[in-house]
Amino acid sequence: MISVQAWEDARLVWDYHQMHHAPTPCSVAIGLGSHDLSVATAASEAFKTGLVPLIVFTGANSPTTRTRFPDGEAVAYREHALKLGVPDSAILVEPTATNTGQNITCSRELLEAKGVDVSSVLLLSKPYEQRRAYATARKLWPGVEVVCASSPMELPEYVDSIGDGRLVIDMLVGALQRLVIYPQQGFMIKQDVPEDVMKAYERLCRDGFTSRLMPAGARR
């Protein structure tokens with residue numbers, strides 16, 4: 001049973017993870033690989049509404065996606081976008097990245113190799129990974145404007161899509177821990193965490209939502 005307080009804390013953390021950027025036309029969309037096909041859906045919508053002329057799907061596999069996407073996350077995203085009507089000529093696939101930093105650097109290298117001039121990037125991710133994606137891109141690709149987006153979804157709807165509220169809260173907590181420790185390791189720029197969000201995070205940790213936390217002293 002998840003307490004009312006835990007759900008309130010989870011909503012605070014969920015809201016903090018999202019950047020709340022306004023939709024803005026960009027040079028390219030980059031869809032960050034994961035288990036969640038809504039990322040590919042959001043990238044496809046961005047293309048079809050004219051926000052971007054080109055999409056890069058990036059991602060190999062993780063333990064949570066190997067069974068679902070045996071050919072890799074980026075390949076699965078491409079296949080989904082094609083079904084949604086995005087032309088193959090508007091899609092590039094980067095199939096090797098295994099973390100957010102590699103998503104950014106490998107996509108950047110692919111675009112440079114293809115001669116694509118990039119001044120702005122629309123980063124598509126799971127809703128609770130927006131801030132992590134933003135902070136990572138600002139560190140690793142400082143010369144471009146970064147706009148973040150996801151499929152519009154509130155926390156209860158996302159929990160329903162995953163089917164496991166405790167797992168979702170664990171993921172929110174783990175993502176926030178990385179926002180705190182990764183800048184110290186040089187993986188992303190520092191993000192200020194409001195006091196109420198930090199207190200919510202600490203309460204959730206005390207309540208045992210810790211399965212996605214990194215061990216002390218670990219690097220990603």
Side-chain angles (χ1 to χ4, degrees), residues 13-14 16-21 26-40 42-43 46 52 55-66 68-69 72-78 92-112 118 120-151 153 158 162 167-168 170-193 201 211-215 218-220:
V13 177
W14 168 269
Y16 171 72
H17 278 309
Q18 297 181 64
M19 297 300 297
H20 307 288
H21 287 161
C26 291
S27 306
V28 63
I30 298 179
L32 306 184
S34 71
H35 65 271
D36 192 344
L37 281 176
S38 74
V39 176
V52 296
I55 301 169
V56 177
F57 290 127
T58 169
N61 272 126
S62 69
T64 60
T65 63
R66 194 167 290 118
R68 186 178 187 191
F69 302 141
E73 297 158 2
V75 172
Y77 278 15
R78 171 186 171 273
L92 296 175
V93 171
E94 187 297 296
T96 66
T98 58
N99 58 53
T100 307
Q102 291 178 9
N103 288 142
I104 301 302
T105 56
C106 294
S107 296
R108 178 181 184 178
E109 290 166 1
L110 174 60
L111 289 162
E112 289 174 350
V118 177
S120 56
V121 172
L122 179 64
L123 282 183
L124 286 309
S125 68
K126 294 173 289 187
Y128 69 88
E129 292 285 7
Q130 282 190 25
R131 190 171 292 275
R132 176 179 177 177
Y134 174 82
T136 303
R138 287 289 311 280
K139 176 71 175 183
L140 300 177
W141 204 349
V144 301
E145 178 187 359
V146 178
V147 180
C148 292
S150 305
S151 287
M153 196 176 299
Y158 191 76
I162 299 298
L167 175 61
V168 170
D170 282 350
M171 292 189 294
L172 297 177
V173 169
L176 184 49
Q177 181 207 35
R178 285 157 177 78
L179 281 171
V180 172
I181 66 175
Y182 276 1
Q184 303 164 17
Q185 299 177 358
F187 296 140
M188 62 176 64
I189 65 167
K190 185 178 184 297
Q191 297 282 280
D192 292 330
V193 182
Y201 164 81
S211 74
R212 294 305 178 96
L213 290 181
M214 296 180 64
R219 296 174 70 85
R220 66 177 177 190

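Note that the structure is a prediction, hence the values are computed from the model and not measured.
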task: Could I get the full list of salt bridge (charged side-chain N to carboxylate O under 4.0 Å, His left out) partners for R138, not counting sequence neighbours?
output: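 R138: no salt bridge (charged side-chain N to carboxylate O under 4.0 Å, His left out) contacts found.
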query: Looking at residues at least two apart in the chain, or sitting in another chain, which of them share a salt bridge (charged side-chain N to carboxylate O under 4.0 Å, His left out) with E112?
result: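 E112: salt bridge (charged side-chain N to carboxylate O under 4.0 Å, His left out) contacts with R108.
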Work out which heavy atom in [X] is nearest to a heavy atom in [Y]; give both atom names and the distance.
X	Y	result
T100	A133	CG2-CA, 4.2 Å
S125	L32	CB-CD1, 4.1 Å
G174	L213	CA-CD2, 4.2 Å
S211	D170	OG-OD2, 2.6 Å
Q18	H20	O-CD2, 3.1 Å
A137	I104	CB-CD1, 4.0 Å

Going by the rule side-chain contact (heavy atoms from CB on, under 4.5 Å), which residues pair with [X] if we only count those two or more places apart in sequence or in a different chain?
X	value
R68	H35, L37
T96	E94, C106
V93	A74, V75, R78, I91, P95
R131	Y16, M19, L179, Q191

Can you sort out the partners of [X] under side-chain hydrogen bond (donor to acceptor under 3.5 Å, both in side chains), two or more places apart, ordered by chain and number?
X	answer
T105	none
Q130	S150
S151	none
Y128	K126

query: Counting N and O atoms only, with roles assigned by atom type, does the side chain of T65 sit under 3.5 Å from a partner on the main chain of N61, one being a donor and the other an acceptor?
result: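 No: the side chain of T65 does not pair with the backbone of N61.
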- prompt: Can any side-chain N or O of Y77 pair as donor or acceptor with the backbone N or O of G72 at less than 3.5 Å?
  reply: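 Looks like no, no N/O pair under 3.5 Å.
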What's the separation between atom [atom1] in [X] and atom [atom2] in [Y], rounded to the nearest 0.5 Å?
X	Y	atom1	atom2	value
F57	L110	CZ	CG	13.0 Å
I55	L124	CD1	CG	8.0 Å
L140	F187	CG	CZ	9.5 Å
W141	L123	CH2	CG	8.5 Å

message: According to ring pair (Phe, Tyr, Trp, His ring centres under 6.0 Å), who are the partners of Y134, at least two apart in sequence or on a separate chain?
response: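 Y134 satisfies ring pair (Phe, Tyr, Trp, His ring centres under 6.0 Å) with H21 only.
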field: Name of the residue among I30, V52, V28 meeting side chain to side chain contact (heavy atoms under 4.5 Å, CB included) with L122
entry: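 Exactly one pass, corresponding to V52.
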- request: Report yes if the side chains of V173 and R212 come closer than 4.5 Å at any heavy-atom pair, otherwise no.
  value: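 When only atoms from C-beta onward are counted, R212 and V173 do not touch, as no gap falls below 4.5 Å.
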4.5 Å side-chain heavy-atom contact, Y182 and K139: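 The answer is no; the side chains never approach within 4.5 Å.
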- request: Kindly determine whether S38 and D36 satisfy side-chain hydrogen bond (donor to acceptor under 3.5 Å, both in side chains), including the steps that lead there.
  value: CA-CA 5 Å; S38 74; D36 192 344; 2.7 Å; yes
